Every structure is written in C-alpha cells, then in structure tokens.
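Written out below as structure tokens is the structure these notes cover.
The figures that follow rest on heavy atoms only: side chains count, while hydrogens, waters and symmetry mates do not. Nothing here was measured: the structure is a model prediction, and the numbers come from that model.
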Amino acid sequence: MRKLRVLLAGCAVLSFVMSASAQSVGEKSGVNSALGIAPKTEDFVKEVAISDMFEIESSKLAQHKGEAGEKTFAGQMVTDHTKTSTELKGLVTSGKVKAELPSALDSSHQSKLDKLKSENGADFAKNYADMQVSAHKDAVGLFERYAKGGDNSDLKNWAGQTLPALQHHLEMAQGLKK
C-alpha cells in the first residue's frame, strides 16, 4: 500500500512538473499540442511560416504533376498560403509581432518535399493528398490553440480570422483522397 502511495505521489508530481513546464517546451515536441496549450509566439510564427512554405512548394509540384482536381486544389493552396505568408510577414516587419521568420524549410518538411519531387502518377497523388490532410490537421490545431490562448493580441486575432480558411482547406484536402 505504501509503495502504491509513493508511486501515485510520484506520478502526481511528474504530471505537475510536465504541465508547468510544457509552455517552455517547443511545439516540435508535441507536448503543447497534446495538452492543448497555446504555442509561444515565436513557435507559432516559425510553424506557420514553415507550413506556408511547404504548402506553396508542394502545391507548385502538384500544379505540374497532378491531375485536374489536384491542380485546382494546388492552385488554391498557392494563392491562399502566399496570402497568409504575406500577412504574417507584415505583422512581423511592422513590429506588432516580435519573432524571426525562417527563410527555409526545416529538415522534416524538406524531406517530405524531396519525396514528392521523386514521385509521379498515383504515388504522387496519394502522398500529396496524405501530406495535405496531415498538414492541414496540424495547422487547424495550431491556429485554434493560438487563437484561444496566444499571448500576442494582433497575432491571436489574425489566427482567429485565418482559421476558417484552413478548416476549408482541410475539407478540400480530405476530398482529394476520395
């Protein structure tokens, strides 16, 4: 019985420490997402910028390699994600948001893009659709969390205004898989 109490107490302490420190853990660890905690402004800006770069580059590939439905979707992604990239850059360069914009994809997104570059036909279509669904699920979750609990009011408002378009993108991406 004593061992059980010690074990339960240890679990409670660990749980408290993890929740207290979760906001200092980067978005990439997945802890913030799992706990539903809004990302720090710097993490949000980095994730959004990289996501937009990936959406634009992968969709440019789909405009060349894809079938008619994929090309239509891809054109919309290039247009919409170029717009959000421009808006985010404007918030940062105006000084309303204090964060650095990455200039290149991270290794994870670059490897996904490289994989798409090497594929054609049905393989390309399947992987492009899968990546789009996954990326938009992640984006919707990220924007929802920041819109609810972000620490920069301008960025929080922008996230809330952008969220419906991302939800629509997710629905469209899911339609690619049919």
Side-chain angles (χ1 to χ4, degrees), residues 17-63 73-117 127-174:
V17 169
M18 286 180 66
S19 66
S21 65
Q23 285 185 319
S24 65
V25 176
E27 272 301 293
K28 283 293 185 188
S29 70
V31 173
N32 289 359
S33 180
L35 296 175
I37 297 171
K40 290 196 256 181
T41 295
E42 298 82 14
D43 288 339
F44 180 75
V45 168
K46 179 181 177 183
E47 292 296 316
V48 171
I50 288 172
S51 176
D52 276 348
M53 282 187 268
F54 177 74
E55 290 299 323
I56 292 165
E57 292 306 313
S58 64
S59 293
K60 285 180 179 177
L61 282 174
Q63 287 178 310
F73 173 83
Q76 188 70 50
M77 293 308 100
V78 171
T79 299
D80 291 355
H81 288 281
T82 298
K83 178 181 182 266
T84 56
S85 288
T86 301
E87 291 169 351
L88 182 62
K89 185 177 180 180
L91 286 167
V92 171
T93 58
S94 72
K96 291 180 180 180
V97 175
K98 306 253 186 282
E100 284 189 39
L101 289 166
S103 58
L105 291 173
D106 60 9
S107 61
S108 170
H109 286 88
Q110 186 61 55
S111 67
K112 290 176 186 177
L113 188 61
D114 291 343
K115 180 176 176 148
L116 285 175
K117 286 178 182 177
N127 285 320
Y128 177 69
D130 288 347
M131 288 179 191
Q132 290 300 309
V133 169
S134 176
H136 283 96
K137 280 181 181 176
D138 290 347
V140 166
L142 182 70
F143 275 71
E144 282 175 341
R145 288 184 293 119
Y146 199 88
K148 287 179 187 171
D151 58 1
N152 179 294
S153 61
D154 290 315
L155 195 56
K156 189 174 172 177
N157 289 336
W158 178 75
Q161 292 168 356
T162 305
L163 185 56
L166 294 173
Q167 291 166 328
H168 181 64
H169 289 175
L170 175 57
E171 292 169 8
M172 291 169 55
Q174 289 167 331

Hey, is the main chain of [Y] close enough, under 3.5 Å, to the side chain of [X] for a donor-acceptor pair?
X	Y	result
S111	S108	yes
N157	S153	yes
T79	Q76	no
S94	L91	yes

From [X] [atom1] over to [Y] [atom2], what is the distance, rounded to the nearest 0.5 angstrom?
X	Y	atom1	atom2	result
K112	K115	NZ	NZ	10.5 Å
M53	T82	CE	OG1	12.0 Å
T41	K98	OG1	NZ	11.0 Å

Over all heavy atoms of both residues, which pair between [X] and [Y] is shortest? Give the atoms and the distance, please.
X	Y	answer
K148	K156	O-NZ, 3.5 Å
A38	G150	CB-N, 3.8 Å
P102	I50	CG-CG1, 3.8 Å
E87	T162	OE1-OG1, 4.5 Å

Kindly write out the residues that satisfy salt bridge (charged side-chain N to carboxylate O under 4.0 Å, His left out) with E57, not counting sequence neighbours, or none if the list is empty.
K60

Worked verdict on D106 versus Q110 for side-chain contact (heavy atoms from CB on, under 4.5 Å):
CA-CA 6 Å; D106 60 9; Q110 186 61 55; over 6 Å; no

Can you classify the ring geometry of F73 versus H136 as parallel (below 30°), tilted (30 to 60°) or perpendicular (above 60°)?
perpendicular

Verify whether the ring centers belonging to F143 and W158 lie closer than 6.0 Å.
yes

Is there a side-chain contact between [X] and [Y] in this structure, where contact means two heavy atoms from C-beta onward sitting under 4.5 Å apart?
X	Y	answer
L101	K89	yes
L142	L166	no
V48	T84	no
M172	M77	yes

Please walk me through it: do D138 and S51 pass side-chain contact (heavy atoms from CB on, under 4.5 Å)?
CA-CA 9 Å; D138 290 347; S51 176; over 6 Å; no

Looking just at side-chain N and O atoms, do Y146 and N152 make a donor-acceptor pair shorter than 3.5 Å?
no

For Q132 and S58, does a side-chain donor sit closer than 3.5 Å to a side-chain acceptor?
yes

Stepwise side-chain contact (heavy atoms from CB on, under 4.5 Å) test for E144 and L163
CA-CA 7 Å; E144 282 175 341; L163 185 56; 3.5 Å; yes

Side-chain ion pair, K46 and E42, N-O less than 4.0 Å
no

